[in-house]
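The structure appears right after this line, and notes come after that.
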Amino acid sequence: QVNVVESGGGLVQAGGSLRLSCAASGRFLSINDMGWHRQAPGKQRELVATIASAGITNYADSVKARFTISRDNAKNTVYLQMSSLKPEDTGVYYCSVVAASSAGWPGGTAYWGQGTQVTVSS
């Protein structure tokens, strides 16, 4: 059982910055990949960024020059630093973690947070 909780969303003007946080808690042996997805109104959910346990990162082309994903393994927490925000960045941002346990699938099981709203005004 893994709980995933996001925080840090809010309303900002275009060009501003936000820092999202996501903490995992519960019973697990380890956390492997962590990441962020987002979903804008009327659009499909899309990948924003992922980070592996060793620090390898992956970004969507639309955010690569503006967003930075990082993690603190000691705190089981992943962050998304968002800068130069645009109105098209508006949406609900969801955190995901892949956690391994003795009762789970080899390689781990994906868990999702409830989402946090990010709104960028023009």
Side-chain angles (χ1 to χ4, degrees):
Q1 182 66 47
V2 179
N3 297 313
V4 180
V5 180
E6 305 101 331
S7 63
L11 172 65
V12 298
Q13 293 185 341
S17 299
L18 282 174
R19 181 179 174 87
L20 305 183
S21 299
C22 171
S25 62
R27 295 183 174 89
F28 48 82
L29 298 177
S30 64
I31 294 178
N32 299 320
D33 292 349
M34 308 182 79
W36 294 91
H37 289 70
R38 69 186 180 187
Q39 187 168 21
K43 296 184 178 180
Q44 298 184 49
R45 187 175 299 189
E46 64 177 352
L47 172 72
V48 176
T50 61
I51 183 168
S53 60
I56 299 173
T57 59
N58 182 49
Y59 296 92
D61 289 341
S62 60
V63 308
K64 189 173 297 182
R66 301 179 295 116
F67 291 10
T68 301
I69 188 171
S70 61
R71 63 190 288 169
D72 185 335
N73 291 332
K75 297 181 179 180
N76 297 319
T77 299
V78 62
Y79 306 94
L80 186 68
Q81 177 66 51
M82 305 185 293
S83 300
S84 301
L85 284 163
K86 305 174 181 179
E88 49 263 45
D89 294 318
T90 294
V92 179
Y93 283 68
Y94 297 91
C95 174
S96 65
V97 304
V98 178
S101 67
S102 60
W105 289 54
T109 301
Y111 298 87
W112 293 84
Q114 79 288 347
T116 185
Q117 177 71 42
V118 172
T119 303
V120 184
S121 65
S122 60

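Keep in mind that the numbers below use all heavy atoms, side chains included, and drop hydrogens, waters and symmetry copies.
Residues in residues 19-66 take part in these ring-ring contact (aromatic ring centres under 6.0 Å, His included) pairs, two or more places apart or across chains: H37-W112. Counting only residues at least two apart or in different chains, salt bridge (Lys or Arg N to Asp or Glu O under 4.0 Å) contacts with residues 65-82 comprise R66-D89. Within the structure, the ring-ring contact (aromatic ring centres under 6.0 Å, His included) test picks out no pair touching residues 64-106 (sequence neighbours left out).
Listed here is the closest heavy atom pair of Q114 and V4: OE1-O, 3.6 Å. Taking each heavy atom of A14 and P87 in turn, the nearest pair found is CB-CD, 4.2 Å. In plain terms, the two heavy atoms of N32 and A100 that are nearest each other are ND2-CB, 4.3 Å. Considering all non-hydrogen atoms of both residues, C95 and V78 come closest at SG-CG1, 3.7 Å.
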**Request:** Run the numbers on N73 and I31 for side chain to side chain contact (heavy atoms under 4.5 Å, CB included), then give the verdict.
**Result:** CA-CA 8 Å; N73 291 332; I31 294 178; over 6 Å; no
**Request:** Run the numbers on E88 and T90 for side chain to side chain contact (heavy atoms under 4.5 Å, CB included), then give the verdict.
**Result:** CA-CA 5 Å; E88 49 263 45; T90 294; over 6 Å; no
**Prompt:** V2 and S25: side chain to side chain contact (heavy atoms under 4.5 Å, CB included), yes or no, with the steps?
**Reply:** CA-CA 6 Å; V2 179; S25 62; over 6 Å; no
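Side-chain contact check for L80 versus M82: some heavy-atom pair is nearer than 4.5 Å. At a threshold of 4.5 Å between non-hydrogen side-chain atoms, the residues Q1 and R27 do not count as touching.
Considering OG of S70 and CD of Q81, their distance stands at 8.5 Å, rounded to 0.5 Å.
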Tell me which donor-acceptor pairs under 3.5 Å the side chains of residues 39-57 have, and how far apart each pair is, sequence neighbours excluded?
{"from": "Q39", "atom 1": "NE2", "to": "K43", "atom 2": "O", "distance (Å)": "3.2"}
{"from": "E46", "atom 1": "OE2", "to": "R38", "atom 2": "NE", "distance (Å)": "2.8"}
{"from": "E46", "atom 1": "OE2", "to": "R38", "atom 2": "NH2", "distance (Å)": "3.3"}

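No side-chain donor-acceptor contact under 3.5 Å links T109 to the backbone of G104. In this structure a side-chain-to-backbone donor-acceptor pair under 3.5 Å is missing from Q13 to S121.
Remark: the Q117 side chain and the T119 side chain contain an N/O donor-acceptor pair separated by less than 3.5 Å.
The hydrophobic clustering, which links ILVMFWY residues whose side-chain heavy atoms are closer than 4.5 Å, places V97 and V92 apart.
The side chain to side chain donor-acceptor pair (under 3.5 Å) test applied to K86 returns no partner, not counting sequence neighbours. Considering only residues two or more places apart in sequence or on other chains, S7 meets the side chain to side chain contact (heavy atoms under 4.5 Å, CB included) condition with S21.
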